[in-house]
Amino acid sequence: MPEKQQIRAIKGVRDILPPESARWQRVDATAQEVFATFGFAEIRVPIFEETELFARSVGTDTDIVGKEMYTFRDRDEASVSLRPEATASVCRAYIEHGMHTLPGDVKLYYMGPMFRRERPQKGRYRQFYQIGAEVLGQSDAPGIDAELIEMLTVFFAKVGLEGTRLDLNSIGCKECRPKYVELLRVELTKVKEKLGADSQRRIETNPLRVLDSKIPEEQPIIETLPRISDHLCEACKVHFAEVRRQLDLRGIAYELNWRLVRGLDYYMRTTFEITAPGLGSQNAVCGGGRYDGLVELLGGPPTKGIGFAIGEDRLMLSLEAAGKLKPEPAVDVYIVWMGAATQAPAIKLARQLREAGIKVELPPEEFKFKKALGLADKLRARYAILIGENEIAAGKFTLKRLADATQTSLTEAELLNELRNSIKPGHAERS
Ligand code: HAM
């Protein structure tokens with residue numbers, strides 16, 4: 001018989017295993033907690049949508065839609081795509097469910113996998129995870145922009161991400177941006193011969209993207225180009241100045257970066273990106289901005305919008321590089337039982353401890369004391385509880401702290417009390 005060939009995960013995607021998955025859960029939970037305090041509620045949108053949704057919102061000339069989407073024909077011949085991002089879906093859902101009739105701003109967050117067929121490298125995957133938030137409604141008050149960024153800083157502080165940098169820009173609106181883009185095109189055409197092939201092509205397709213270039217030889221040329229900040233219309237200028245004042249009010253530091261244009265077409269006015277240490281070239285952990293008019297473009301009523309998405313894979317990499325990911329024991333208490341009469345009390349005890357939120361490992365069959373204790377140690381349990389015939393006779397349990405092997409004999413009530421006090425579920429570490 002031919003040997004069965006092993007099937008491996010496809011290029012650019014990966015598994016997230018325990019104990020790493022527990023850290024992801026903690027980061028997710030922190031986002032949920034923090035975002036809720038800012039009045040955000042979760043939206044769950046589909047993982048695939050009509051291709052047209054992304055084409056219209058992200059833009060057909062972008063890398064994302066132009067070359068990175070996983071697109072296929074469904075049986076009924078509709079072209080569908082795995083979502084490369086979720087802002088488009090949130091706007092589609094906002095329209096589909098008439099959410100514009102809801103009172104105040106609609107504040108939504110989401111978390112989950114996104115799909116882009118990029119060249120895989122550290123911090124860049126074909127299935128990656130985002131935690132994102134969007135604010136949709138009638139107001140484009142700069143206080144919304146600043147509070148959204150404030151929420152990000154609170155979240156990053158809570159998960160322990162340090163050394164971040166916030167880059168901020170305004171890329172104007174449909175009044176002033178086209179004029180600036182035209183000016184840029186004219187100026188770029190003058191220096192076309194000095195630019196690489198990609199930038200030369202972008203002079204035609206999307207001159208703003210030339211500002212994104214990382215090619216060293218192009219940097220001095222780009223530095224001489226006209227800057228959007230000098231070409232904003234009055235309304236955009238006022239809006240941007242107020243966004244900055246609102247950030248100052250909140251004590252949030254930022255760097256003005258006129259070259260921050262972002263790779264999606266729906267943006268206008270405020271754009272921002274947050275970079276973090278320990279990531280190499282893929283160091284953007286979060287990107288976002290304002291997209292007034294996108295809902296309209298998708299067939300909805302005139303609506304203002306702003307949002308961000310955090311790259312969770314990168315966030316975890318940065319936390320790991322900073323040594324912020326503490327191992328957490330998977331087992332608080334390992335119950336060792338020996339003798340037929342001891343299994344029933346062991347089961348009862350396990351149930352009581354689990355009800356108190358304590359992580360309990362109960363051997364499914366009888367093990368010798370030595371084997372069971374050895375396993376408890378390998379699993380890095382904090383405690384072992386020993387239940388033998390002697391313990392049953394005395395009406396007491398033996399509690400053993402595995403770090404220093406100290407043992408105490410306790411009644412059931414004392415034991416429950418002791419463990420409830422010493423193990424704080426979710427925060428416990430082996431002492
Ligand atoms: P984006 O800048 O394309 O924006 O992605 C946001 C973040 O997702 C990036 O900063 C990065 O951390 C992460 N990311 C993107 N591609 C990959 C990848 N291939 N592998 C790992 N991480 C990746 C958006 O997606 C917008 N929807 C953000 C937004 C929401 N703007 C307004 N609302």
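Whatever order the structure lists ligands and atoms in, that order sets their numbers, starting from 1. Position 1 is the first residue of the sequence, and the numbers go up from there. Note that the structure is predicted; figures quoted are calculated from it, not measured.
For ligand 1, residues of the protein lying within 4.0 angstrom by heavy-atom distance are Glu85, Thr87, Tyr110, Arg116, Glu118, Gly123, Arg124, Tyr125, Phe128, Gln130, Glu134, Arg262, Leu264, Tyr266, Tyr267, Ala284, Val285, Cys286, Gly287, Gly288, Gly289, Tyr291, Gly307, Phe308, Ala309, Gly311, Arg314.
Relative ring orientation between Phe40 and Phe35 is described as tilted, the plane-to-plane angle lying within the 30° to 60° band.
The only member of Leu260, Asn257, Thr270 that meets side chain to side chain contact (heavy atoms under 4.5 Å, CB included) when paired with Leu168 is Thr270.
Applying the side-chain hydrogen bond (donor to acceptor under 3.5 Å, both in side chains) test to every pair with at least one member in residues 61-73, sequence neighbours left out, gives these pairs: Thr71-Ser81.
Residues passing the side-chain hydrogen bond (donor to acceptor under 3.5 Å, both in side chains) test with Glu242 are Arg245, Gln246, sequence neighbours excluded. Partners of Glu204 according to the salt bridge (charged side-chain N to carboxylate O under 4.0 Å, His left out) rule, which considers only residues two or more places apart in sequence or in another chain, do not exist here.
The closest side-chain heavy-atom distance from Arg165 to Tyr254 is not below 4.5 Å.
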